[in-house]
Each structure stands twice: as C-alpha cells, then as structure tokens.
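Every chain is numbered from 1, with letters handed out A, B, ... down the list of sequences.
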Amino acid sequence: MEFLLLAGVIVLTALVGVAWSRRQGAVRGPRTTGDGGPADWLPQGVGLGSRATFVQFSAEVCAACRSTARVLGAQAARDGGVVHHELDVEDDLALTSRLAILRTPTVLVLDSDGVEVARMSGGVTPAQAREALARASRPEAATAAPVAAGAAR
Amino acid sequence: MTTPQEARSEGQIDARGPRLGAGITALLLAVVMLLGAGTAGLVLLTVVALSFVLGTVRGAEGTWQGWIYRTFVRPRLGPPTELEDRRPPRFAQLVGLVVTGVGVVLGLSGVLVAVPVAAAVAFVAAGLNAVFGLCLGCEMYLLMRRWGVIRAA
C-alpha cells in the first residue's frame, strides 16, 4: 500500500514535469478579450515599438522571469524596432485578471499597432522570442492598419 | 512603477543549491510515505517541516540541505553558470512549510493518515523542483494573489 502510493506519486511527478517542460515559453495565440483592438491597458510611459512590443508580466517570486527578461531585453537591444517592457503583477492585479494571465512570466506580444498577436507563458528561449516576433510582422497584421504602421516607421 | 528589475541586484544565490536541497527533501518525503500512517513517519515529517521553517526564515541557502550543498557538493562543481534571486526559492520553502505543517498538525491531533498524504503532496512539489526546476508554488503565486489567498511576498 505504502509502496503503491510512492510509485503513483513518482509517476504523477514525472508526467506533470514533462508536460510543464514542453509548454515552457511556447508561442500561443492571443487571448485578449473583446475586439482585439490596440492595447488600451498599457500603463503610462509604456511606448510601442515600431515593429513589435514584448510586455512581460513578472513577479518577485518568479525565477524564470529573470531569464526571460534577459532574453527579451537582448532581443530588443539587437532589433531597433522591438521594445521590451517588464511589469510587476502586484502593480495591477485586476489587469492580469482582465488579460487572462494565470502565471508568471507571461509575455504579451503586440504588433506595431499595439494589438496582441501572440503570448508566451513560462521561461522564454531566444528561438521562441524570434518565433513570436515573426507573428508580429506578418503581412496581414500590417495591412489591417497600413497608415498607423507606416507612420511608426 | 516598481519593476522586479529594480530589486534584482540584491541577494543572488547559486541556483543549483535549492534544487539539490529539494532532491534531499524529496528523498526524505519518500521515506515518510513508505513509513505510512504511524509515529515514525510523523517524526520524520516533523523534521522536514522544521527544515522548511529554517528555509522560510533564512532562505533556502540557510537550511541544513543548503549547508550540505555548500560543504560537500559545491566544491566539486564548477562555478555557477547562473545566479538566481533568493526570493523564489524562499517562497518555495514557505509553500513546503504550509503543506508539511498541515500534515504534522493533523498527525499530532490523531489523524495519522494525513502524514503520508501531506508527504505525497510535498513530494510532488519537491520532485518537480529537483528534477525539472519547476517551482509549483511560484507558478501558482499569481492565481493565489488574485484569489486573495496570500498577501504580497
């Protein structure tokens, strides 16, 4: 009986661990509710990049938030059109609820108009950051509002 | 606005220490499960819970598991490739304390079956931390904050 409990718990741990590892930083579709229009929730002083904006939601107790901030910060430093902002979930818990953010780090990827085009949860690798950027610069995203996109450049 | 970045410079630790500590803790919790619903299991679970008290008060590096890492393991390894903020592992210690503490309190009040059950729950969390680097409590931090279960760390 005791042995069965231990065996079951070990299997459960392995399954949860593998499932979690696979989902780390995976680029998923946008989840912003409403019309999917430009982000009106961005705090004051948070400007949009001409190509894409990473808005990272972090918490003090979150270790993967640090590595993710380094990866996205380096991407923004390399690419002049990309901006990275890090927000603390403590500053506005209601906002995380509205944006359907369940865990940290969660990164919302905005296109040049501020529309969420993708999001990533968990530690992000440089390859995943590039994959997310590719979604922000798709042609259909640019044709949705060509004037604004042109003005930004 | 305060971002986690501002607090980043203080208190960095070798990220491998807490993971080894979680591995040692997981082994002890496996023994608790094998001992079953009895006094021996309750005593060992109490030892684990007291270790979590140390970790909650002094940080994961201040536990006896942290001492084992620094004294016997760290000298045999190369320098750390990555330093980690000490607060996420410390929060994980608090989560471990709550889970094992409930088991100890119930066990002391005669509900001995709670001892292997609490050990099983804590084993999953410690095992995930040791093998996959996943901090279960940290993943659930934002949800617990949103639901008002815990206050700001």
(request) Can you measure from OG1 (Thr104(A)) to OH (Tyr141(B)) and round to the nearest 0.5 angstrom? (result) 8.5 Å
(message) I'd like to know if Val107(A) and Val117(A) are part of one continuous hydrophobic network [Ile/Leu/Val/Met/Phe/Trp/Tyr, side-chain heavy atoms within less than 4.5 Å].
(response) yes
(request) Sort Val16(A) into side chain, backbone, both or neither according to what part of it lies under 4.5 angstrom from a heavy atom of chain B. (result) both
(request) With a 4.5 Å heavy-atom cut-off (strictly below), which parts of residues 126-135 of chain B touch chain A? List them by number. (result) Gly127(B), Leu128(B), Phe132(B), Gly133(B), Leu134(B)
(message) Grouping I, L, V, M, F, W and Y whenever their side-chain heavy atoms are under 4.5 Å apart, do Leu5(A) and Val111(B) come out in a common cluster?
(response) no
(request) Determine, using the 4.5 Å side-chain heavy-atom cutoff (strictly less than), whether Leu34(B) and Leu4(A) are members of one ILVMFWY cluster. (result) no
(message) Could you measure the distance from the CD1 atom of Ile101(A) to the CG atom of Leu143(B)? Nearest 0.5 Å is fine.
(response) 11.0 Å
(message) At a 4.5 Å cut-off on heavy atoms, which part of Ala14(A) comes close to chain B: side chain, backbone, both, or neither?
(response) backbone
(request) Please flag which part of Leu6(A) lies under 4.5 Å from any non-hydrogen atom of chain B: side chain, backbone, both or neither. (result) both
(request) Could you tell me the separation between the CZ atom of Arg87(B) and the SG atom of Cys62(A), rounded to the nearest 0.5 Å? (result) 11.5 Å
(request) Would you kindly confirm whether Leu50(B) and Val105(B) end up in one hydrophobic cluster when ILVMFWY residues are joined by side chain heavy atoms under 4.5 Å apart? (result) no
(request) Select one option (side chain, backbone, both, neither) describing which atoms of Thr96(A) are under 4.5 Å from chain B's heavy atoms. (result) both
(request) Using a heavy-atom cutoff of under 4.5 Å, enumerate the residues of residues 23-33 of chain B that contact chain A, numbered in order, or state 'none'. (result) Ala30(B), Met33(B)
(message) Give me the atom names and distance for the closest heavy-atom approach of Leu93(A) to Arg145(B).
(response) CD1-NH2, 3.5 Å
(request) Start with the C-alpha gap between Leu102(A) and Leu142(B), add the side-chain angles, then the distance that decides, and say whether side-chain contact (heavy atoms from CB on, under 4.5 Å) holds. (result) CA-CA 6 Å; Leu102(A) 300 178; Leu142(B) 176 56; 5.9 Å; no
(message) Taking Arg66(A) first and then Glu84(B), would you say they form a salt bridge - that is, a charged N and a carboxylate O separated by under 4.0 Å?
(response) no
(message) Hydrophobic clustering (ILVMFWY, side-chain heavy atoms < 4.5 Å, transitive) - are Val61(A) and Val95(B) grouped together?
(response) yes
